[in-house]
**Student:** 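Here it is: the structure, laid out below.
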Number of protein chains: 2
Amino acid sequence: MRCGLGNKILSGETERLSASLEDYLEAMFFVILEKKGVRAKDIADRLSVSRPSVTSALQVLAAKRLINYAPYDVITLTDEGEKQAEKILSKHTVLQEFFTEVLLIEPEKAEAVACKIEHIADDALVERLRLFSRFIKENAESPEEWKKEFMRYCREHKMPKK
Amino acid sequence: MRCGLGNKILSGETERLSASLEDYLEAMFFVILEKKGVRAKDIADRLSVSRPSVTSALQVLAAKRLINYAPYDVITLTDEGEKQAEKILSKHTVLQEFFTEVLLIEPEKAEAVACKIEHIADDALVERLRLFSRFIKENAESPEEWKKEFMRYCREHKMPKK
DNA sequence: CGGAAAAGTTAGACATGGCTTACAATCTTC
DNA sequence: GAAGATTGTAAGCCATGTCTAACTTTTCCG
């Protein structure tokens, strides 16, 4: 274990998190917002994974210095961990808003897709999307009118069911 | 059992394809368009994976009846395989166009992101996005003017470098 | 205080999807 | 037609991330 990871940490390299680890981090951030302490069980429930899976993930996140973790002890996010969790969350929000408020997709569906894309879309893309959503809203004389028009357009151009 | 991809060879199940397998299928479709025959090497080059990885994937795709494959023989797509490849490709195209023509992102970057999201975004979302791109283009009196405005908006609202 | 329930961990298995190394088949070229 | 290059396959290893079963630690009460 002292091989690669430790060196990267010392040399300041920021290894990109896997989608899975990002999910764990994000889940912890949410739980902390809602309740005061994070329990492995909360994470397991939220992500629908087993408790052992949570333990594994926590060990990895701890090795990356994103959480403060000791067996059977309280879990907290480090500053870096919190920073990363916030970033993931902000991507999620931007995507969610684009899907619901611009593409006019049902919130639950938007939520599901945003959850997956947030791990893939890089910062620049999400930022551009954020600006685009704002641009669209600000430039529409009447947002409601705009929505109606787009909905109508969608109806008119709907493809026949596959 | 030793080759991770090889487990379901005998069962030939028709489940949803993994992102990885979709990539292989898509790559084969492209190579077939460009040249007449597909070689494992072409796929390996295109996807930047080793030749053995290609063999594994081909065995799985063959079990799923998406390709016609026999060791050392010519590879072709079955009708079902071609159908699936075309679907993936069409998603790719819609995403690519949205990123380049609406979000005004550099083509190479758009390409890279589209390659990943195409495996995640469901049909309905991509269809909605397709309609949105068209709607935007058709409703802009002057597409060039619109682009300029959006670019200006982006410049003005650019976040300070993190 | 002490024991049961709840929560957390360890150990070990499995699936996916990469890789290298080494061997086998095919193609090229003389 | 055979040697050497190219291409394809087989075997085995590694990493990630999931799981179950079994064990340990902590917590909660009576």
Side-chain angles (χ1 to χ4, degrees), chain A residues 1-6 8 15-28 31 35-64 66-76 115-116 119-120, chain B residues 1-13 15-28 31 35-64 66-76 115-116 119-120:
Chain A
M1 189 58 100
R2 69 198 187 290
C3 36
L5 188 56
K8 277 176 188 167
E15 223 180 279
R16 231 173 102 31
L17 289 179
S18 66
S20 166
L21 290 181
E22 286 192 352
D23 276 333
Y24 282 104
L25 207 57
E26 193 182 10
M28 292 178 66
V31 175
K35 316 167 71 167
K36 48 187 172 187
V38 204
R39 301 155 143 277
K41 177 118 196 317
D42 298 324
I43 306 171
D45 289 346
R46 187 171 254 276
L47 297 180
S48 298
V49 296
S50 67
R51 278 170 294 139
S53 299
V54 177
T55 301
S56 305
L58 293 182
Q59 288 168 346
V60 179
L61 289 173
K64 291 178 184 294
L66 297 173
I67 62 173
N68 302 114
Y69 166 79
Y72 301 106
D73 204 355
V74 181
I75 311 162
T76 53
C115 267
K116 292 188 251 170
H119 306 301
I120 285 179
Chain B
M1 199 70 84
R2 40 202 99 68
C3 269
L5 287 174
N7 290 324
K8 289 180 183 167
I9 283 179
L10 291 176
S11 60
E13 295 172 34
E15 294 158 14
R16 224 175 104 38
L17 288 180
S18 66
S20 166
L21 290 180
E22 285 193 351
D23 277 332
Y24 281 105
L25 206 57
E26 193 181 11
M28 292 178 66
V31 175
K35 318 167 70 168
K36 49 187 170 189
V38 204
R39 301 157 141 278
K41 175 119 197 316
D42 298 323
I43 306 172
D45 290 345
R46 186 170 255 275
L47 297 180
S48 297
V49 296
S50 67
R51 279 170 292 136
S53 299
V54 177
T55 300
S56 303
L58 293 181
Q59 289 168 347
V60 179
L61 290 173
K64 290 178 185 295
L66 297 173
I67 63 173
N68 302 115
Y69 166 78
Y72 298 106
D73 203 356
V74 182
I75 310 162
T76 52
C115 267
K116 292 188 252 170
H119 306 300
I120 285 179

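A, B, ... follow the sequence lines: proteins, then strands. Residue 1 opens every chain. Because the structure is a prediction, the values reported are computed rather than measured.
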**Student:** Just how far, in rounded Å, is C1' of D/dT7 from OH of B/Tyr69?
**Tutor:**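 Nearest whole value for this atom pair: 12 Å.
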**Student:** Given C/dG17, C/dA7, C/dT10, identify the nucleotide with an atom nearest to the side chain of B/Ser20.
**Tutor:** C/dG17
**Student:** Measure CZ/B/Arg46 against C1'/D/dT7 and give the value in whole Å, please.
**Tutor:**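 So the two atoms are 19 Å apart, to the nearest Å.
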**Student:** Name the residue from A/Leu61, A/Thr76, A/Val74, A/Asp73 that meets the side chain to side chain contact (heavy atoms under 4.5 Å, CB included) definition with A/Asn68.
**Tutor:**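 Option passing the side chain to side chain contact (heavy atoms under 4.5 Å, CB included) with A/Asn68: A/Thr76.
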**Student:** Where the side chain of B/Tyr72 is defined as all heavy atoms beyond and including C-beta, which of C/dA25, C/dG8, D/dT7 is the nearest nucleotide?
**Tutor:** C/dA25
**Student:** Determine the contact category for B/Pro71: base if any of its heavy atoms lies under 4.0 Å from a base atom, sugar-phosphate if only primed atoms, P, OP1 or OP2 are that close, otherwise nothing.
**Tutor:**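 The answer is sugar-phosphate, as B/Pro71 gets under 4.0 Å only of primed atoms, P, OP1 or OP2.
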**Student:** Would you tell me if any nitrogen or oxygen in the side chain of B/Ser50 comes within less than 4.0 Å of OP1 or OP2 on C/dC19?
**Tutor:** yes
**Student:** With nearest nucleotide decided by heavy atoms, which residue, B/Asp73 or A/Leu21, maps closer to the 5′ end of DNA chain D?
**Tutor:** B/Asp73
**Student:** Give a yes/no on whether any side-chain N or O of B/Ser56 is located under 4.0 angstrom from OP1 or OP2 of C/dG17.
**Tutor:** no
**Student:** How would you label the contact of B/Val54 with the nucleic acid (heavy atoms, under 4.0 Å): base, sugar-phosphate, or nothing?
**Tutor:** nothing
**Student:** Looking only at side-chain atoms of A/Pro52, point me to the closest of C/dG8, D/dG8, C/dA11.
**Tutor:** C/dA11
**Student:** From CZ of A/Arg51 over to P of C/dT10, roughly how many Å is that when rounded to an integer?
**Tutor:** 14 Å
**Student:** Separation of A/Leu58 atom CG from D/dT16 atom C1', in whole Å?
**Tutor:**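 Atom CG in A/Leu58 sits about 16 Å away from atom C1' in D/dT16.
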**Student:** How far does CE of B/Met28 sit from CG of B/Leu25, to the nearest 0.5 angstrom?
**Tutor:**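 Those atoms lie 7.0 Å apart.
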**Student:** Where is the tightest heavy-atom contact between B/Leu58 and B/Ile67, given as atom of each residue plus distance?
**Tutor:** O-CD1, 3.3 Å
**Student:** Could you tell me how far apart B/Lys41 (NZ) and C/dA24 (P) are, to the nearest whole angstrom?
**Tutor:** 22 Å
**Student:** To the nearest angstrom, how far is A/Asp23 atom CG from D/dT16 atom P?
**Tutor:** 17 Å
**Student:** So, for A/His119 and A/Arg16, which heavy atoms are closest and what is the spacing to 0.1 Å?
**Tutor:**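 For A/His119 versus A/Arg16, the nearest heavy atoms are O-NH2, 2.9 Å.
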**Student:** Just how far, in rounded Å, is C1' of C/dG8 from CD1 of A/Ile43?
**Tutor:** 12 Å
**Student:** In this structure, how many angstroms lie between the P atom of C/dG8 and the CD1 atom of A/Ile67, rounded?
**Tutor:** 12 Å
**Student:** Respond yes when some side-chain nitrogen or oxygen of B/Tyr24 is under 4.0 Å from OP1 or OP2 of C/dT16, and no when none is.
**Tutor:**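 For C/dT16, neither OP1 nor OP2 has a side-chain N or O of B/Tyr24 closer than 4.0 Å.
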**Student:** If only side-chain N and O atoms of B/Gln59 are considered, is one of them under 4.0 Å from the OP1 or OP2 phosphate oxygen of D/dA10?
**Tutor:**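 For D/dA10, OP1 or OP2 has a side-chain N or O of B/Gln59 closer than 4.0 Å.
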**Student:** If you look at every heavy atom in B/Tyr24 and B/Ile43, which pair is closest and at what distance?
**Tutor:**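 In terms of heavy atoms, the two residues are closest at CD2-CG2, 3.7 Å.
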**Student:** Given D/dT18, is OP1 or OP2 found less than 4.0 Å from the side-chain N or O atoms of A/Ser53?
**Tutor:**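 No, because none of the side-chain N or O atoms of A/Ser53 sits under 4.0 Å from OP1 or OP2 of D/dT18.
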**Student:** Nearest to the B/Ser18 side chain among C/dG17, D/dT7, C/dG8, which nucleotide is it?
**Tutor:** C/dG17
